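Only one structure is covered here, and it is reproduced in the block below.
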2 protein chains.
Amino acid sequence: MDKFKAMQCFVRVVELGRFSKVAEQSGASKSMISKQISSLEAELGARLLQRTTRRLQLTQLGEEYLQRCREILRQLEDTEAHIQEQQQVPKGRLRINAAMALGLTALAPAFAEFMRQYPDIELDIQLSDEAQDLLEHNFDLGLRVASQPFDSGYVGKAITQFSYSICASPAYLQQNGPINHPDDLLNHQCFEYSYFRSKNLWPVGAEGVVIGGRLKANSSVFLLDMVKQGMGVGFIPRFISHPALQSGEVVEVLASEQKPRMTLYALYPVRHFAPPRLSRFIEFLQNWFARHPYLCS
Amino acid sequence: MDKFKAMQCFVRVVELGRFSKVAEQSGASKSMISKQISSLEAELGARLLQRTTRRLQLTQLGEEYLQRCREILRQLEDTEAHIQEQQQVPKGRLRINAAMALGLTALAPAFAEFMRQYPDIELDIQLSDEAQDLLEHNFDLGLRVASQPFDSGYVGKAITQFSYSICASPAYLQQNGPINHPDDLLNHQCFEYSYFRSKNLWPVGAEGVVIGGRLKANSSVFLLDMVKQGMGVGFIPRFISHPALQSGEVVEVLASEQKPRMTLYALYPVRHFAPPRLSRFIEFLQNWFARHPYLCS
DNA sequence: CATATTGTTTCTTTATTGGAAAAAGTGTTA
DNA sequence: TAACACTTTTTCCAATAAAGAAACAATATG
C-alpha cells in the first residue's frame with residue numbers, strides 16, 4: 001500500500017465528506033477509496049471513520065490522525081517544492097480552472113506557448129462558466145475575471161486588464177445606420193449579457209446607456225457570433241472580439257468612449273512553498289499578456 | 001511507487017553507505033534498492049546520490065532532501081506510535097537482538113509467553129554473541145548483559161539481575177573431592193570463560209580465586225555441557241545452569257559465597273514516542289523476570 | 001592488468017492494484 | 001411497514017507494477 005496516497009485520500013474524504021465525491025473528483029473508483037481507507041485503518045489497527053451509508057463521522061482517533069496527516073502531507077509538499085525550486089527545469093502537473101470564454105479565446109494561445117516552453121509540465125485544464133471551489137476540486141490555480149471577492153485562504157494575483165469593445169458587423173451598420181454617440185445605441189438592437197452585473201445598462205458615456213434588444217445570452221462568444229451575423233450590437237470583451245476585429249468581420253464603434261476594464265486574476269491556495277511550476281506559470285502569464293497588449297488596449 | 005518506502009530506503013542507504021548493505025540488511029535484493037532510489041530521483045527530477053561502484057556521495061540536493069526525509073519519517077513514526085498508544089491491542093513487528101546464550105535459555109520461555117499474550121505482535125529475533133549496532137541493523141531492541149557502556153543515543157533500562165552459580169557434576173565431585181571453601185577450587189579443573197573480563201580470576205570469596213584448568217571456551221552453554229559430563233567446575237550464569245540444577249544433573253557448590261551479579265539491560269534508540277509494542281515488551285520482560293526469581297537468586 | 005566489489009539492466013515470476021458490477025446497509029418516504 | 005434512493009462494501013477479474021535472479025557494466029585496488 002502506498003501510505004502517502006492513502007493518507008491523502010483520507011484527508012480528502014474528510015474534506016469532501018463522502019467517499020463517492022472523492023472518487024469522482026480524483027478520477028478513481030469508489031471501491032478504491034474504500035479500500036484505501038480500510039487498509040489504512042487495518043495498518044493502524046484503529047477505526048478512523050465511523051461510517052454508515054448516510055453519514056461519515058471522524059472517530060476521536062481519526063480526528064487526531066487527520067491533524068497529523070495534514071501536517072505530514074504539507075511537509076512532504078513543501079519538501080518537494082523546495083527540491084523543485086533548485087531545479088532548472090520545473091516539472092509536474094498543473095490543474096487549472098478557467099472561465100470558459102477565457103479558455104476558448106485569450107488563454108488558448110498562451111497555454112500553447114507555455115507548453116512549448118516547459119515541456120516537462122503537464123496541464124489539466126478545466127473550463128467552466130461557474131467559478132469552482134479550488135480546494136474542493138483540487139485545482140492548483142483558478143483564472144477568473146474579478147467579480148466575486150476572493151475567499152480567504154486564497155491568493156489573488158492580478159495578471160492583466162481587459163477592455164471591452166462595442167462591436168457590430170459592417171452590414172448591420174449599413175442597414176441600421178452609424179453609431180457615433182452613446183445615445184445612438186438607443187435605436188439599435190443591443191444584446192444583453194446575462195452575467196453582466198448591470199444587466200441592460202451598458203457602462204458607456206457619462207452615466208451609461210440603458211440598452212434594449214431582442215437577444216440576451218449567457219455567452220459572449222455566442223453573442224459575438226450573432227454580431228458577426230449582423231443581428232445587432234454587442235458589448236464584447238476585447239479578448240473575444242479581437243480576431244474578428246482584425247479580420248474586419250466586425251467593426252468597433254464608440255472606440256474613443258471610456259469603458260470599464262476588468263481584471264484577470266490568478267487565484268491559488270495559500271501555501272508555505274508554492275510549487276515552482278505554479279510560480280512559473282503565473283509569471284509566464286503576466287509576461288505573455290504584457291507582450292500581447294492589444295487584448296487590453 | 002511507494003514513496004514512503006522509497007524515502008525510508010534512501011535514508012537507510014545514506015546511513016549504511018552502500019546499496020548492497022541495505023539490501024541484505026533489509027532482506028531485499030540489490031536491484032530493488034537501486035530501483036527505489038532511481039524512481040525517487042526520477043520523481044523529484046533530481047539526482048540525490050552521486051554513485052560509482054566504489055563510493056556513494058550525497059549531492060547537495062540529496063543532503064537537503066535527506067534532512068527533510070528524516071523529519072517526515074520521524075513524524076510519521078511518532079504519529080503511528082501515538083495512534084497505537086490509544087489502542088488496546090498493540091500490533092506491529094519487534095526486531096530484537098539478544099545475546100545468544102540468553103536467547104537459548106532464559107529468554108526463550110519469556111518470548112513464548114509474550115507471543116501468547118500479544119497475538120498481534122510479530123517478533124524477529126536475532127541472536128548473536130557480539131553486541132550489534134542497533135541502528136545499523138535496524139533493531140528495535142537489544143537485550144544485553146551490562147558490560148560495555150551504552151552508546152549515547154540509546155536508552156538502557158535494567159530488566160533484571162542474574163546471579164552466577166558454581167557447578168559441578170555429582171560424579172565429578174565424588175571423584176575429585178568436595179568443594180566447601182573457595183580455596184578448594186585451586187585443586188580442581190575450573191573452566192575459563194573467554195568473554196569474562198577478569199579471565200581466570202573467579203570473583204568468589206574475599207579477593208577472588210585464580211583458577212586453573214585445561215578448558216577454556218567462549219560459550220557458557222557449552223561449558224555447562226562439559227560440566228554435566230564431569231569434566232570439571234564451571235562458573236555459570238544461573239539462567240543457564242538452572243534446569244540442570246533442578247534436574248540434579250549438576251549440583252551447586254559454594255552456594256553461600258557472595259558472587260557478583262550481572263544486570264540484563266534492554267537497549268533501544270531514543271525516540272520521541274516509543275511504539276507501544278516496545279514499551280509493552282519491556283514491561284512484560286520486567287514482570288516476567290519478577291515472576292521467575294529463581295533465575296536471579 | 002587482473003580482480004573483487006558494487007550498482008544497473010533485463011527478463012521472468014509473482015503479488016498488488018484498480019475498476020465494474022453486484023450486494024448490503026441505512027435513513028426517508030409513501 | 002415496505003419500497004425507495006443513495007451510499008459503502010464486497011467480489012471477481014483484468015491489468016499493472018513490484019520483486020528477484022542472473023547477467024552485465026563500471027571502477028578502485030593491488
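Here is how names work: the chains are called A, B, and so on, in the same order as the sequence lines, proteins then strands, and each is numbered from 1. These figures come from a predicted structure and were not determined experimentally.
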Margin query: What's the closest nucleotide to the side chain of B:Met32 if the choices are D:dT8, C:dG7, D:dA18?
Written below: D:dA18
Check: Does the side chain of B:Pro90 reach to within under 4.5 Å of the side chain of B:Asp120, using non-hydrogen atoms?
Finding: no
Notebook entry, point to check: In residues 34-51 of chain A, which residues come under 4.0 Å of DNA chain C by heavy atom?
Noted result: A:Lys35, A:Gln36
Item checked: Nearest listed nucleotide, side chain of B:Lys30, among C:dG19, D:dG20, C:dG7 -> C:dG7
Next item on the list: For A:Arg12, check side chain to side chain donor-acceptor pair (under 3.5 Å) against everything at least two apart and list the hits.
Entry: A:Glu15
I'd like a table of donor-acceptor pairs (distance under 3.5 Å, sequence neighbours excluded) in which one partner is a side-chain atom from residues 42-49 of chain A, with atom names and distances.
unit_1, atom_1, unit_2, atom_2, d
A:Glu43, OE2, A:Lys3, NZ, 2.9
A:Arg47, NE, A:Leu49, O, 3.4
A:Arg47, NE, A:Gln50, OE1, 3.2

Next item on the list: Using distance alone, with no hydrogens and no angle criterion, decide if A:Glu63 and A:Gln67 have a side-chain donor and acceptor under 3.5 Å apart.
Entry: yes
Please write out each protein N/O paired with an N/O of nucleotides 26-29 of chain D under 3.5 Å, distance rounded to 0.1 Å.
unit_1, atom_1, unit_2, atom_2, d
D:dT27, O4', B:Thr53, OG1, 2.7

Check: With sequence neighbours excluded, what pairs up with B:Glu24 under the side chain to side chain donor-acceptor pair (under 3.5 Å) test?
Finding: none
Checklist line | Any pair counted as ring pair (Phe, Tyr, Trp, His ring centres under 6.0 Å), so long as it reaches residues 49-70 of chain A, sequence neighbours left out | finding: A:Phe10-A:Tyr65
Next item on the list: Write down the distance between CE (B:Met1) and P (D:dA19), rounded to a whole number of angstrom.
Entry: 12 Å
Margin query: Can you list everything that forms a ring-ring contact (aromatic ring centres under 6.0 Å, His included) with B:Tyr118? Sequence neighbours excluded, please.
Written below: B:Phe114
Checklist line | Close residues, residues 5-20 of chain A, relative to DNA chain D [heavy-atom separation under 4.0 Å] | finding: A:Arg18, A:Phe19, A:Ser20
Item checked: Partners meeting side chain to side chain donor-acceptor pair (under 3.5 Å) with B:Glu71 (sequence neighbours left out) -> B:Arg74
Item checked: side chain to side chain contact (heavy atoms under 4.5 Å, CB included) partners of A:Arg95, counting only residues at least two apart -> A:Arg93, A:Asp124, A:Gln126, A:His137, A:Asn138, A:Phe139, A:Asp140
Check: Excluding sequence neighbours, so at least two apart, what forms side chain to side chain contact (heavy atoms under 4.5 Å, CB included) with A:Gln86?
Finding: A:His82, B:Leu61, B:Glu64
Check: C:dA20 C1' sits how many Å from A:Glu24 CD, rounded?
Finding: 17 Å
Checklist line | Qualifying residues under side chain to side chain contact (heavy atoms under 4.5 Å, CB included), relative to B:Met100, sequence neighbours excluded | finding: B:Leu104, B:Leu127, B:Asp129
Checklist line | Any N/O donor-acceptor pair, B:Ser31 side-chain to D:dA19 base, under 3.5 Å | finding: no
